[in-house]
Amino acid sequence: MLGSITWKDFSRHMVRNRLSLIGIMIIFSLLLLALIGPYIAPYSPLSTNPIHKLESPSKTHLFGTDSLGRDILSRVLYGTRISVTIAVIVLIVSGGTGIVIGIISGYFGGIVDDILMRITDLFLAFPQLILAMVVSAALGRNLRNVVLAVAFTSWTVFARLARGQALVAKEQEFVEAARACGASNTRILFVHILPVSISPLIIQGSIAMGGIILTVAGLGFIGFGAQPPTPEWGAMVSDGRNYLPAAWWACIFPGLAIMFTVLGFNLFGDGLRDILDPRMR
Amino acid sequence: MISYIIRRLVWMIFVIFGVMTITFFLARVIPADPVAAVLPSNAPPEAIAKLRAEMGLDKPIWVQYGIYINGVLHGNLGTSIRTRQPVLNDLLRYFPATAELAVAASIIGIIIGITLGLLSAVKQGSILDHSGRVFSIWGLSMPAFFTGLMLVILFSHILHWFPQMGEMPSYLRRPPRVTGFLIMDTMIAGNWSLVLNELWHLALPAFTLGWLSTASIVRIMRSSMLEVLPEEYIKTARMKGLRESTVILKHALKNAMLPTITIMGLQVASLLNGAVLTETVFSWPGIGRYATASFLSIDFSAVVGVTIFMALLYSSANLIVDLLYGYLNPKIRYT
């Protein structure tokens with residue numbers, strides 16, 4: 001049963017599973033870097049220096065410099081904050097939308113459920129990246145619209161899961177009791193059903209993080225995300241790509257940053273999945 | 001079964017219609033004027049008005065929508081302002097390259113994925129199991145574009161084993177177009193050394209895209225094997241004195257394949273997503289690159305056309321997988 005994991009089970013299993021522990025450590029260092037990155041970055045991420053362009057990694061520039069002489073380490077550090085912030089906002093927007101649609105659908109059932117779930121299916125018929133590209137092209141290519149584009153494509157998982165949770169929860173006695181006391185539908189939905197349905201949704205959220213970061217980076221790489229000179233990882237890889245193989249550092253360091261970030265979330269998510277589905281252990 | 005197929009097809013038509021509507025209106029909120037993309041900035045106002053009328057942009061949006069739907073029903077997806085070709089022609093021209101890439105990637109994904117998943121389950125808890133797990137989580141964490149670039153650096157720039165981009169050397173002449181699928185056409189032309197050369201070009205992009213599928217297949221294969229292995233009929237087969245390899249390959253694998261087939265249907269979406277990125281990295285002349293270029297130049301008809309096309313591919317793949325699943329698993333009856 002999804003909802004019945006105790007915090008003790010969770011922490012015990014996480015510590016025992018070395019891979020998820022590594023995931024948690026990566027996530028924590030990432031959050032730390034997102035927080036303090038801009039203070040420990042040796043240079044400004046935007047200040048160009050044509051004399052020192054495409055310099056290989058050295059003591060003064062640990063990760064080398066890019067085609068405009070900007071310090072790549074500093075850009076990667078600033079990029080951490082950008083990626084983490086975007087992913088968290090996307091998660092809040094898409095998770096929020098999906099949860100509201102899902103619990104309404106599951107609680108009311110009938111025609112409301114039919115319509116909302118058909119809309120959800122419709123969105124699932126789009127390949128995610130293509131839909132995000134349409135939204136981003138339509139609204140204008142910038143960071144804010146990346147959030148909207150990715151959220152627009154990733155709320156469906158939460159809607160489905162929340163619907164299932166609401167279906168189970170609405171049959172419980174405390175919901176009936178609340179209804180008998182004259183509580184409004186809105187109150188039952190958000191005060192009684194939502195809290196008991198939330199833990200699998202939170203777990204789904206951390207599993208979804210890796211995918212969200214990948215989509216954001218992918219959009220940045222093909223030019224639909226952050227525009228120059230914003231130090232976004234995907235866009236940095238795309239820029240560095242023009243100077244391969246000689247200046248490999250311009251492309252590899254931001255790429256590794258994406259990889260480790262997603263790896264952290266996936267390792268953590270994998271551990272969570274093991275707790276949910278003990279057969280996989 | 002027949003009624004199930006019909007209901008699914010009706011639903012698919014509804015989905016495509018919905019996708020078309022959503023994309024049409026999304027693409028129409030684009031602030032940039034498509035006319036400005038075609039004409040020079042100093043074009044006289046009459047020319048601009050004329051082109052607007054020609055493109056139907058002077059009519060109210062509902063009328064434009066009606067005209068578009070009418071066109072689609074007659075097999076006309078409009079004309080691309082970038083390539084100046086009918087969008088349908090463009091799609092059919094670029095699709096084969098993507099299909100070849102996706103098929104090659106799936107083959108790689110299925111072979112490595114099933115083997116690794118099978119071995120991981122049989123040798124559960126061994127080094128092999130752990131490395132299989134790391135390999136698959138790693139694969140899911142690599143952005144396709146980064147995998148592609150790493151492979152290019154290693155195998156093209158450093159080792160010079162594989163070509164860096166394209167589907168064949170640009171100085172050679174393409175074989176006459178018969179099916180549109182380059183490798184097939186080359187085979188028909190009987191030019192076998194070129195076929196090898198094309199496969200050689202295909203290797204890196206196919207592996208880049210295939211790693212993504214491998215990762216998901218390994219996981220699902222491992223878990224469904226673990227579910228099947230303790231079953232009574234496996235014990236029976238062992239007790240009959242069958243060789244372990246027969247038990248695994250004949251009895252367990254067959255039953256463990258079902259969930260794997262479902263995941264392969266879902267893979268089509270990630271193949272299409274991945275194709276957009278992989279084709280960009282390898283300058284692969286497929287639909288993904290066509291999509292990126294059209295979207296970046298706000299080529300309205302092409303944007304809607306590509307999206308409908310992708311949605312159609314994706315829904316058909318899912319339908320086929322569902323039917324296949326029902327066929328392989330008689331326990332499921334579609335009602």
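Chain letters run A, B, ... following the sequence lines, proteins first and then strands; every chain starts at 1.
If you run side chain to side chain contact (heavy atoms under 4.5 Å, CB included) between S141(B) and each of L214(A), I258(A), L267(A), L263(A), only L263(A) comes through.
Contacts of I153(B) with chain A are made by side-chain atoms alone, with heavy-atom separations under 4.5 Å and no backbone atom involved. Within the 4.5 angstrom heavy-atom criterion, no atom of I119(A) approaches chain B. For a residue to count as touching a neighbouring chain, one of its non-hydrogen atoms must lie under 4.5 Å from one of that chain's; by this rule F295(B) touches chain A with backbone and side chain alike. The part of W11(B) that comes within reach of chain A is its side chain, from C-beta onward, which places non-hydrogen atoms under 4.5 angstrom from that chain. For L124(A), the part lying under 4.5 angstrom from a heavy atom of chain B is the backbone only. Looking at V281(B), the atoms closer than 4.5 Å to chain A (heavy atoms on both sides) sit in the backbone and in the side chain alike. Residue M12(B) does not touch chain A at all, counting heavy-atom pairs closer than 4.5 Å. Contacts of R118(A) with chain B are made by both backbone and side-chain atoms, with heavy-atom separations under 4.5 Å. Heavy atoms of F123(A) lying under 4.5 Å from chain B belong exclusively to its side chain. Contact annotation for L313(B): neither backbone nor side-chain heavy atoms come within less than 4.5 Å of a heavy atom of chain A.
Remark: L159(B) CG is packed, more than 12 non-hydrogen atoms of other residues, nucleotides or ligands lying under 6.0 Å away.
The structure places OG of S136(A) at 11.0 Å from CG of L26(B), a figure rounded to the nearest 0.5 Å. Atom CG of D121(A) sits about 11.0 Å away from atom OG of S315(B), to the nearest 0.5 Å. Atom CZ of R241(A) sits about 13.5 Å away from atom CZ of F146(B), to the nearest 0.5 Å. Rounding to the nearest 0.5 Å places CG of L296(B) at 5.0 Å from CZ of R141(A). Here L19(A) contributes atom CG and I137(B) contributes atom CD1; the two are 5.5 Å apart, rounded to the nearest 0.5 Å. The structure places OG1 of T292(B) at 5.0 Å from CD1 of I222(A), a figure rounded to the nearest 0.5 Å.
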Step by step, work out the side-chain contact (heavy atoms from CB on, under 4.5 Å) result for L272(B) and I130(A). CA-CA 9 Å; L272(B) 291 176; I130(A) 296 287; 5.7 Å; no
Stepwise, does the side-chain contact (heavy atoms from CB on, under 4.5 Å) test hold for W138(B) with M259(A)? CA-CA 8 Å; W138(B) 187 26; M259(A) 190 194 85; 3.2 Å; yes
Trace of the side-chain contact (heavy atoms from CB on, under 4.5 Å) decision for V262(A) with M142(B): CA-CA 8 Å; V262(A) 181; M142(B) 281 290 270; over 6 Å; no
Given L149(B) and F221(A), is the side-chain contact (heavy atoms from CB on, under 4.5 Å) satisfied, shown in steps? CA-CA 12 Å; L149(B) 288 173; F221(A) 178 75; 4.2 Å; yes
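At a threshold of 4.5 Å between non-hydrogen side-chain atoms, the residues I252(A) and M150(B) count as touching. Proximity of F17(B) to L122(A): side-chain heavy atoms (C-beta onward) are nowhere separated by under 4.5 Å. A 4.5 Å side-chain heavy-atom check between L277(B) and L129(A) finds at least one atom pair inside the cut-off.
Counting heavy-atom pairs closer than 4.5 Å to chain B, the top residue among G264(A), G218(A), G210(A) is G218(A). The residue among P143(B), A121(B), G288(B) with the most heavy atom pairs within less than 4.5 Å of chain A is P143(B).
When every heavy atom of D270(A) is checked against every heavy atom of R219(B), the shortest pair comes out as OD1-NH2, 2.8 Å.
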